[in-house]
Amino acid sequence: MDAYELITRNAAEVVTEEELRTLADDPDGKRAYVGYEPSGVLHLGHMLTATKLIELQEAGFEVTVLLADVHAYLNDKGSFEEIRETADRMQEQFIAYGLDESQTEFVLGSEFQLDEEYTLDLHAAELETTLSRAKRAMAEIQRGDHAKVSQMVYPLMQALDIEYLDVDLAVGGLDQRKVHMLARETLPELDYEVRPALHTPIIADLDSGVGKMASSSGVTISMEDSEDEIEAKINDAYCPPTADPDPDGDGNERENPVLQLYQYHVFPRVETVVVERPEQYGGNLEYDDYETLEADLESGDLHPMDAKSALAAELNALIEPGRQQLNA
RNA sequence: CCGCCCUUAGCUCAGCCUGGUAGAGCAGUCGACUGUAGAUCGACUUGUCCCCCGUUCAAUUCGGGGAGGGCGGACCA
């Protein structure tokens with residue numbers, strides 16, 4: 001697998017392909033970052049971008065994880081004190097999940113976002129941005145129906161972070177794309193350089209396959225879950241025997257979240273998946289890549305129930321180090 | 001600063017005018033059917049009715065006060 005392929009593997013979107021190819025030509029020492037609002041316990045959403053960071057490290061990138069305490073504060077996630085406490089725990093869990101400690105720099109947003117120069121740049125960015133544009137950028141991120149002024153500042157700070165952390169690539173889930181597009185427009189206004197962005201897919205809601213697996217509502221899987229809980233959640237997941245389910249009764253597009261978890265969480269981290277299966281149904285199966293597993297589910301050679309139990313085992317193995325760290 | 005509206009189940013809301021401790025849809029739980037889930041049937045659960053004071057035999061309901069949220073107006077020398 002060449003560098004470009006590794007870097008863009010499983011990406012939902014890359015902006016722009018040309019800019020990323022340039023980075024891939026000489027990835028050593030290039031810098032990438034993801035920002036997270038500290039939430040204490042890592043869930044699959046965090047782990048999806050973390051997996052991408054691990055792949056970037058394999059490609060030679062230096063990785064910065066922004067523990068965005070100021071952003072969390074602006075998004076009404078609690079007091080600074082509370083937020084910083086959870087940031088510490090989160091950092092430990094990222095390392096437990098597999099981010100290489102020697103190649104990863106953890107930065108607290110408040111370490112630089114309150115500096116005078118940053119603040120003046122922020123005001124400059126505010127001057128360049130209409131309220132409706134900022135609101136649009138925040139639509140996927142904000143909590144609550146009614147946007148606060150703090151939430152209008154939030155995406156502008158993300159734009160500045162790209163400059164102030166001196167990164168070559170901004171990484172995030174697809175829900176960050178409007179913020180990154182705003183950043184690409186805003187940075188040049190302040191005479192800063194535009195950086196490319198890479199977006200990971202968003203895993204569908206486990207129960208329905210519709211929309212995104214939200215941590216706030218519905219079922220999510222985190223390092224806090226016990227093995228039994230994960231088994232139960234995966235077993236309850238929506239899983240028709242196809243990768244491309246029909247829309248639901250309301251015409252909403254549906255995905256197969258079980259396959260998505262294999263594709264985006266398991267196979268990037270695991271060489272071979274063994275599906276244990278009773279002799280009655282044909283005995284064990286082994287998969288070296290996602291495509292074969294998907295094809296077997298599609299053809300009926302792999303029953304969803306067997307796919308689920310193997311998935312639960314794989315997820316449990318991936319989460320185990322973090323779980324131990326959490327219980328330490 | 002002024003005015004209006006909202007606050008009831010996890011969510012969206014009805015009920016209040018004409019007081020008797022509450023209902024729908026969705027969600028959820030459990031069964032049946034599928035070797036998973038979903039779909040489809042069948043059953044079931046859910047509440048400090050925002051807080052305080054008052055009237056009353058009795059207040060979610062009426063009156064007063066307060067808190068939180070939303071919307072608008074005014075001011076623009």
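Here is the naming used below: chain letters follow the sequence lines, and residue numbers restart at 1 for every chain.
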Subject >> Ring center gap for A:Tyr287 and A:Tyr262 short of 6.0 angstrom >> reply: no

**OP:** Would you indicate which nucleotide in B:rG35, B:rG38, B:rG70 comes nearest to any side-chain atom of A:His146?
**Re:** B:rG70

Original post:
B:rA67 and B:rC41: how far apart are their C1' atoms, nearest whole angstrom?
Top reply: 47 Å

Subject >> Partner nucleotide of B:rA24 by Watson-Crick or wobble geometry (both distances under 3.5 Å) >> reply: B:rU12

**OP:** Would you please name every residue forming a ring pair (Phe, Tyr, Trp, His ring centres under 6.0 Å) with A:Tyr281, sequence neighbours left out?
**Re:** none

Original post:
Of all the nucleotides listed (B:rG38, B:rU36, B:rG35), which has the minimum atom distance to the side chain of A:Tyr238?
Top reply: B:rG38

Original post:
Got a salt bridge between A:Lys233 and A:Asp225, using NZ or NE/NH1/NH2 to carboxylate O under 4.0 Å?
Top reply: yes

**OP:** Using both distances under 3.5 Å as the test, list the Watson-Crick or G-U wobble partner of B:rU46, or none.
**Re:** none

Subject >> Interatomic distance where CG belongs to A:Asn235 and C1' belongs to B:rU34 [whole Å] >> reply: 14 Å

Original post:
Does a side-chain N-to-carboxylate-O contact under 4.0 Å join A:Asp168 and A:Lys30?
Top reply: no

Original post:
Rounding to the closest angstrom, what is the interatomic distance between B:rG69 and B:rA74 at atom C1'?
Top reply: 22 Å

Original post:
Which whole number of Å gives the distance between the C1' atom of B:rG64 and that of B:rC75?
Top reply: 31 Å

Original post:
Using the C1' atom in both, what is the distance from B:rG20 to B:rA24, to the nearest Å?
Top reply: 22 Å

Subject >> Between B:rG38 (C1') and A:Arg254 (CZ): distance, integer Å >> reply: 6 Å

**OP:** Rounded to the nearest angstrom, tell me the gap between atom CG in A:Leu206 and atom P in B:rU36.
**Re:** 18 Å

Subject >> Watson-Crick/G-U partner (both atom distances under 3.5 Å) of B:rA39 >> reply: none

Subject >> Whole-Å C1' distance, B:rU7 and B:rU61 >> reply: 15 Å

Subject >> Whole angstrom value for the distance that separates P of B:rA39 from CG of A:Asp248 >> reply: 9 Å

Original post:
Taking any strand in view, what nucleotide pairs with B:rU7 in a Watson-Crick or G-U wobble way, both distances under 3.5 Å?
Top reply: B:rA67

Original post:
Does the B:rG35 base have a donor-acceptor partner in the side chain of A:Asp306 within less than 3.5 Å?
Top reply: yes

Original post:
On a whole-Å scale, what distance lies between the P atoms belonging to B:rU56 and B:rU45?
Top reply: 38 Å

Original post:
Does the side chain of A:Tyr192 pick up a donor-acceptor pair with the side chain of A:Asp121 at under 3.5 Å?
Top reply: yes

**OP:** To the nearest 0.5 Å, tell me how far A:Thr119 OG1 sits from A:Met157 CE.
**Re:** 8.5 Å

Original post:
When the distance from OH of A:Tyr281 to C1' of B:rU36 is rounded to whole Å, what number comes out?
Top reply: 11 Å

**OP:** Report the base-pairing partner of B:rG72 (Watson-Crick or G-U wobble, both distances below 3.5 angstrom), or none.
**Re:** B:rC2

Original post:
How long is the line joining NZ of A:Lys148 and P of B:rG68, in whole Å?
Top reply: 12 Å

**OP:** Rounded to whole angstrom, note down the C1' distance from B:rA22 over to B:rC13.
**Re:** 13 Å

Original post:
Given atom CD of A:Glu231 and atom C1' of B:rU36, what is their separation to the nearest angstrom?
Top reply: 14 Å

Subject >> Rounded distance in Å - CG (A:Asp236) to C1' (B:rG35) >> reply: 16 Å

Subject >> Residue A:Lys308, side-chain atoms from C-beta onward, closest of B:rA37, B:rG38, B:rC71 >> reply: B:rA37

**OP:** Using a 4.0 Å heavy-atom cut-off across all strands, classify A:Pro245 as base, sugar-phosphate, or nothing.
**Re:** nothing

**OP:** Quick one: look up who B:rG19 pairs with, Watson-Crick or G-U, both distances under 3.5 Å, and put none if it's unpaired.
**Re:** none

Original post:
Would A:His303 pass as stacked on B:rG35, i.e. its ring centre under 5.5 Å from the base's six-membered ring centre and planes under 30° apart?
Top reply: yes

Original post:
Looking only at atom C1', what distance separates B:rU21 and B:rG25, rounded to whole Å?
Top reply: 24 Å

Original post:
Can you tell me the Watson-Crick or wobble partner of B:rU34, both distances under 3.5 angstrom?
Top reply: none

Original post:
Any salt bridge between A:Glu13 and A:Arg177, counting N to O under 4.0 Å?
Top reply: yes

